Amino acid sequence: MKFFDEAFQYRLIYVFKIDDKAHNGLLKIGETAIKAPEKNLWDIARARIKAYTNTAAIPFELVHVELAVKNNGQPFRDYDVHRALKKFNKKLPGSTGREWFKVDLATVKEAIKSIKQGKKFFPRVRSDETPINFRPEQDEAINLTVKHFKKGNDFLWNAKMRFGKTLCALQVAKLMNFSKTIVLTHRPVVDSGWYDDFKKIFHDTDYIYLNRGDDIAGCKNFVYFASIQDLRGSEIVGGKFDKNSAVFDTAWDFVIVDEAHEGTTTALGDNVIKNIVKDNSKFLALSGTPFNILDDFSEENVYTWDYIMEQRAKDDWNKEHFCDPNPYADLPRMNIFTYDLGKNFNYVEDNVFNFREFFRTDGKNFVHNADVKAFLNLMIKADNYPYARADYRELFKHTLWIIPGVKEGKALSKLLQRHEVFKFFKIVNVAGNGDSDDEPKDALKKVQDAIANHDYTITLSCGKLTAGVTVPEWTAVFMLAGSYSTSAANYLQTIFRVQSPCVKGDLVKQNCYVFDFAPDRTLKMVAASVAVSARAGKTHDVDRQNLQEL
């Protein structure tokens, strides 16, 4: 019996037509994910189209099918073909987009061929001017915020990781014509991500992007990226250094706080915010886990988008949009597996498995070395464990393991390097000094370099790289630390590291996994997540049931 679905799958491009008056002379180009390319591609495509045409009793004719893989081995999307065929677009009455094309099949094949060769087929929109197609929930968040800012000043986006909060927040700034926008964060490493999204939103304006060291005096129409750690060291907020005076003196139109649950409720963080936000400033808090700040906002001042909403939208898209490109296609499905180690190892206290004791060291080696070895062997031998079979090891070639601490990381790294199976994995220990407040770029680079140069890696962490960063190649996270008392915010931030979109050769990530070895904790985290969504008025009984069944 196979327990785990493939993490990466292929994409298939298909072309079909409908012989009726409304679709006369038109072709539709769509896509679907497939597990194995050796199967009959035509049958797979027909089954996919039938899934959303049968309910409307619409007969169709499939006219072309092929794998969506370029000559260089990289996959492409149906919307790449759409862009190449842009001048042939046709919008049907009642449809949600311009996704039908008044074009012959030979032209479509030529467009696909040119994409595979990396050539331009028909004149396209310049890459820096390609319009951003916000997903429906992103549009909703943006529009609700703009509407609210016309009468109020504070708003919270309680939106899951991978929502696209950076891009959407900048769109709010653009739509509101804010001249002076500041982005505050505890994670300076995300500066490049904000800059990349800034270019996407403001490419057609005179706005500029500034950060630490740039002179903002006299500047107009700009976005300024600032580190809260740097600002709280300023004399004006009780710090020791004479710096950032211009930042605190500026009358900010728009203040965005990224990962607002981190440190904004501390005295230092709160003091920085109070001195940045002016009487007329608009304030937008961004967080995927706002457990500690939710009560600071009224219900009408919160927009919520959680994992269940996302996956429901992904599954329902084709039923409601008749083969328009699915904007959720790149967001993998998260699968949570729990294991009760208390049945195998006697380290249970008050019905909770004690990871700290299980992995306790004498400073260099594990005190319970034999039991830790037995656990690693269980991982490679028990049928329902993630490394028990060769094909499973292919699924989990690059993973993140969360461990109790720094000493435990060093001891586990040594043990893994001597293990009969795990010695073939590059062990990347980024536990460092255990400080998860500021993600160092060198830790991320260490992981990226390891993945680039090794077929198999395991990253050991006790906090680093668990928020604000992306390692697309990770397909699973192993929760080997904490207990029932684990912070729900930290837990959710950590597990969603593996839900990032990823293209690997001609494969696309479709599934990701969480392996939690504390079942009691999993139930608590699910309950906490449901409570937050329910507090914001977005989660219904069916959603709560779905979360509990993860």
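Residue numbers run from 1 in the order of the sequence given. Since the model is a prediction, treat every value here as computed from it, not as a measurement.
- Using modelled atom types, one finds no donor on one side chain facing an acceptor on the other under 3.5 Å when comparing Gln510 with Tyr10.
- Side chains of Thr289 and Gln493: a donor-acceptor N/O pair is present below 3.5 angstrom, by distance only.
- A centroid separation of 6.0 Å or more is found between the aromatic rings of Tyr385 and Phe515.
- Scored by the side-chain hydrogen bond (donor to acceptor under 3.5 Å, both in side chains) test, Thr457 finds His398 as partners (sequence neighbours excluded).
- In this structure, a donor-acceptor pair under 3.5 Å is absent between the side chains of Ser192 and Trp194.
- Checked against the 6.0 Å centroid threshold, Trp401 and Phe422 count as a close aromatic pair.
- For the 3.5 Å distance criterion, the side chains of Tyr387 and Thr399 qualify, holding a donor opposite an acceptor.
- No side-chain N or O of Lys426 forms a donor-acceptor pair with one of Asn453 less than 3.5 Å apart.
- Residues satisfying the side-chain hydrogen bond (donor to acceptor under 3.5 Å, both in side chains) test with Thr361, not counting sequence neighbours, are none.
- The aromatic rings of Phe355 and Phe359 lie parallel to each other, with less than 30° between the two planes, well short of the 60° mark.
- Defined by atom type and a distance below 3.5 Å, a donor-acceptor pair is missing between the side-chain atoms of Asn71 and Gln117.
- Annotation: side chain of Thr494 is in contact with side chain of Val477 (closest heavy-atom distance under 4.5 Å).
- Between Phe478 and Phe517, the ring planes lie parallel to each other; the angle is under 30°, not in the 30° to 60° tilted range.
- For the pair Lys504 and Phe8, the distance from NZ or CZ to the six-membered ring centre is under 6.0 Å and the angle to the ring normal is within 45 degrees.
- The aromatic ring centroids of Tyr347 and Phe358 lie less than 6.0 Å from each other.
- Counting only N and O atoms by type, the side chains of Gln448 and Glu473 include no donor and acceptor under 3.5 Å apart.
- The aromatic ring centroids of Tyr513 and Phe4 lie less than 6.0 Å from each other.
- Gln417 and His419 form no side-chain donor-acceptor contact under 3.5 Å, judged by distance and modelled atom types alone.
- Applying the side-chain hydrogen bond (donor to acceptor under 3.5 Å, both in side chains) criterion to Glu310, with sequence neighbours excluded, gives Lys160, Gln499.
- In this structure, Tyr14 and Thr32 have side chains that are in contact, with non-hydrogen atoms separated by less than 4.5 Å.
- Asn133 and Tyr79 form no side-chain donor-acceptor contact under 3.5 Å, judged by distance and modelled atom types alone.
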